[in-house]
Amino acid sequence: MPELFNLFSLLFDPFVEFQFMRRALFGCAVLSLGAAPVGVFLMLRRMSLTGDAMAHAILPGAALAYLLYGLSAVAMTLGGLAAGLLVALLAGATARQTNNSEDSTLAAFYLGSLALGVLLISAKGSNVDLLHVLFGTALALDNTALTLLLVTSLASLCLLTVVYRALVLECLDSEYLSSFGGMGKLAHFVFLVLVVANLVAGFHALGTLMAVGLMILPACIARFWFKHLGSLLVAATIIAASACWLGLLLSFYFGLATSPSIVLALAVGYVLSVLLGPLRGILRRPSAASLSNSNNREVI
Amino acid sequence: MTKVAAVTELALGYDPAQPILSQVSFALAKGQSLALVGPNGAGKSTLLNVLRGAMKPLAGQLDYSLNPRRDIAYLPQASMVDRSFPVNVRQFVSTGLWNQLGLWRGFRCSHRLQVNAVLEKLNIADLADSMLDQLSGGQFQRVLFARTMLQQSKLMLLDEPFNGVDEATVSLLLDELASLQRRGCTVVAAIHDLEIVRSHFERCLLLSGEAIALGPSREVLVADNIAQAWGETSSHLKPVPIEKEPASRYA
């Protein structure tokens, strides 16, 4: 079975041989554990693009921390978290105060935030720094960054478990939840914190631009294969981790940039799911003719 | 009779200068049913919103001898449920146990039995594993009703619960309402079908800008009162015959 053995070594050797590959895989898998479940809720709340906006919004915080403390993972995490939450809260408050839709206020604040972030980085840092922040450094994760990823992901999972029921009911029927008190608002706020925290953790490994891909795409893929919320959450996490592994291999063998490789692997998975997914997949949908036949049968 | 709630000289609306409804007073006793009847815009839904505490009255007093947050269940006219959300009927109905379960408490066998019982009662046990977006309008109304029943509230507020629902579902829901009342639940419902009000609701409050009449349904829903609520030219009393358009109009 030499071919099978070859395939096996093709898939696993880089991780056995190289420590930086193991670290990258560990970091990305841990990231998937925290980000993918949050992504499922983002998608189900029709906030997929909000995730993208938030990913941009964290930039000035991270940039300011970078200017003050250099490439310190902890400082950049705290800065990013502060900036992301500030934008989310400002956008929400402005929408409520001015009776504007939240997507317009969020767009305004995140664009301002993004511009400020790019300005701050380009003012002092070199282009290499900008690239690091935008596209991450999955292959150069140090111990501090890995610990941060682990802590964020585990904390995120715990917090998600705590507010799970309220979050589900808030997504499903917020009016109903509000009849029992202010739990819905709390759940929404905790959820925003989780989104921002996971994005901030994500940008160490994948960069601000790509971090949101690992959050949203696995959820979008899982939706074509699984019906129930529980299965969606588990499947999205596994899909995210698998894509990290595949993306890292692609990047290793073909010398491609890591984070885009991971997100592109997910994007290909998404296209395949759109075509082949048993739920609403284009090629798996019963044709119009067979539908009308079955309707006729029912009538008869 | 135990009093559940009392409303005195209530005025409701959004603008104090132009209340939608004013001078409304009534008391609700345990196990009683009260239908709110009136033309569109009469303030039925607004009154229900005030009763459930989602809106403050402009004037007047609202006294409860129950805990409004725990003991009131409300079924809105158009529910805001996201039916594409991936939960099945059983899981959705279980959310009616929020007061018992909250964020933390475990979903035990007794809870499962409560959910099963209410699904059986409303004839939707066979739909328990269906997803919400697979249900018809009537089935979904039963599911919503099941969740509301599961709250085991003392006061049930229903906003047009029979709108766009098939007859079998209407009679099933009416039977369940009657059995809830026998167990001491007070029911207040905005209803536009006067026949249902006459045959199934003990008391009726006729509204149109103010309380026109309050009392036993059959005594309230008489021609004079209806005429006053809907106006003299009401289509309810004097349906305007459809006249043929003069041909010359199109010539």
Side-chain angles (χ1 to χ4, degrees), chain A residues 37 39-48 99 158-191 218-236 277-280 298, chain B residues 45 48-49 51-55 67-107 111 129-134 140 143-148 150-151 153 155-157 159:
Chain A
V40 170
F41 281 100
L42 267 181
M43 174 199 65
L44 290 174
R45 305 186 83 172
R46 298 181 177 79
M47 286 169 67
S48 303
N99 226 356
C158 291
L159 214 51
L160 193 64
T161 317
V162 171
V163 296
Y164 182 78
R165 266 188 205 158
L167 190 59
V168 168
L169 193 48
E170 161 78 6
C171 300
L172 186 58
D173 190 357
S174 57
E175 193 192 20
Y176 186 68
L177 181 60
S178 70
S179 72
F180 298 110
M183 191 58 84
K185 282 189 184 127
L186 181 72
H188 184 70
F189 177 71
V190 171
F191 179 65
C220 298
I221 294 173
R223 194 76 164 117
F224 282 94
W225 301 87
F226 297 96
K227 258 203 304 204
H228 293 275
L229 181 59
S231 340
L232 280 173
L233 292 169
V234 176
L279 306 173
R280 293 182 287 261
E298 263 172 36
Chain B
S45 300
L48 287 174
N49 276 330
L51 285 177
R52 75 186 174 103
M55 211 177 138
N67 176 352
R69 191 164 279 177
R70 269 197 90 83
D71 298 330
I72 297 182
Y74 169 66
L75 184 63
Q77 183 173 9
S79 88
M80 306 285 275
V81 176
D82 176 4
R83 285 177 64 179
S84 66
F85 199 81
V87 292
N88 62 25
V89 167
R90 183 191 299 284
Q91 291 163 328
F92 179 78
V93 170
S94 307
T95 60
L97 292 168
W98 182 270
N99 272 333
Q100 292 180 45
L101 292 173
L103 272 182
W104 304 97
R105 276 172 295 253
F107 189 82
H111 298 122
D129 295 322
S130 307
M131 306 305 279
L132 293 184
D133 55 4
Q134 295 172 326
F140 187 59
V143 168
L144 284 174
F145 201 84
R147 178 175 74 169
T148 316
L150 205 54
Q151 280 181 247
S153 56
L155 173 60
M156 212 178 209
L157 306 173
D159 199 351

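Atoms considered below: every heavy atom in the structure, side chains included; atoms not considered: hydrogens, waters and symmetry mates. We name chains A, B, ... by the order of the sequence lines, and we start the count at 1 in each one.
- With a 4.5 Å cut-off on non-hydrogen atoms, L44(A) touches chain B through its backbone and its side chain both.
- Contacts of F189(A) classified as ring pair (Phe, Tyr, Trp, His ring centres under 6.0 Å), with partners at least two apart in sequence or in another chain: none.
- The contact between R223(A) and chain B is made entirely by side chain atoms (from C-beta outward), counting heavy-atom distances below 4.5 Å.
- Looking at R147(B), the atoms closer than 4.5 Å to chain A (heavy atoms on both sides) sit in the backbone and in the side chain alike.
- The choice from T161(A), L232(A), V163(A), L169(A) that makes the most heavy-atom pairs within less than 4.5 Å of chain B is L169(A).
- Although no hydrogens or angles enter the test, the distance criterion places no donor-acceptor pair under 3.5 Å between the side chain of D159(B) and the main chain of S45(B).
- Neither the backbone nor the side chain of I72(B) comes within contact range of chain A; no heavy atoms are under 4.5 Å apart.
- R46(A) and S84(B) share a side-chain donor-acceptor pair at under 3.5 Å.
- With a threshold of 4.5 angstrom between heavy atoms, P76(B) approaches chain A through side-chain atoms but not through N, CA, C or O.
- With a 4.5 Å cut-off on non-hydrogen atoms, V81(B) touches chain A through its backbone and its side chain both.
- With respect to chain B, the highest number of heavy-atom pairs below 4.5 Å among A166(A), S174(A), S178(A) belongs to A166(A).
- Residues P86(B) and K227(A) form no side-chain contact, since every pair of their non-hydrogen atoms from C-beta on lies 4.5 Å or further apart.
- Neither the backbone nor the side chain of F226(A) comes within less than 4.5 Å of any heavy atom of chain B.
- Ring geometry, F191(A) versus H188(A): the interplanar angle falls from 30° to 60°, so the pair is classed tilted.
- For V168(A), the parts sitting under 4.5 Å from any heavy atom of chain B are the backbone and the side chain alike.
- Between chain A and the options R69(B), Q91(B), M80(B), M131(B), the largest number of non-hydrogen pairs under 4.5 Å is found for R69(B).
- Side chains of L229(A) and Y164(A) form a contact here, defined as non-hydrogen atoms less than 4.5 Å apart.
- Here the options are R165(A), K185(A), M183(A), R45(A), the test is side chain to side chain contact (heavy atoms under 4.5 Å, CB included), and the partner is E170(A); only R45(A) passes.
- Evaluation of the ring pair (Phe, Tyr, Trp, His ring centres under 6.0 Å) rule for H111(B) yields F107(B) as partners, not counting sequence neighbours.
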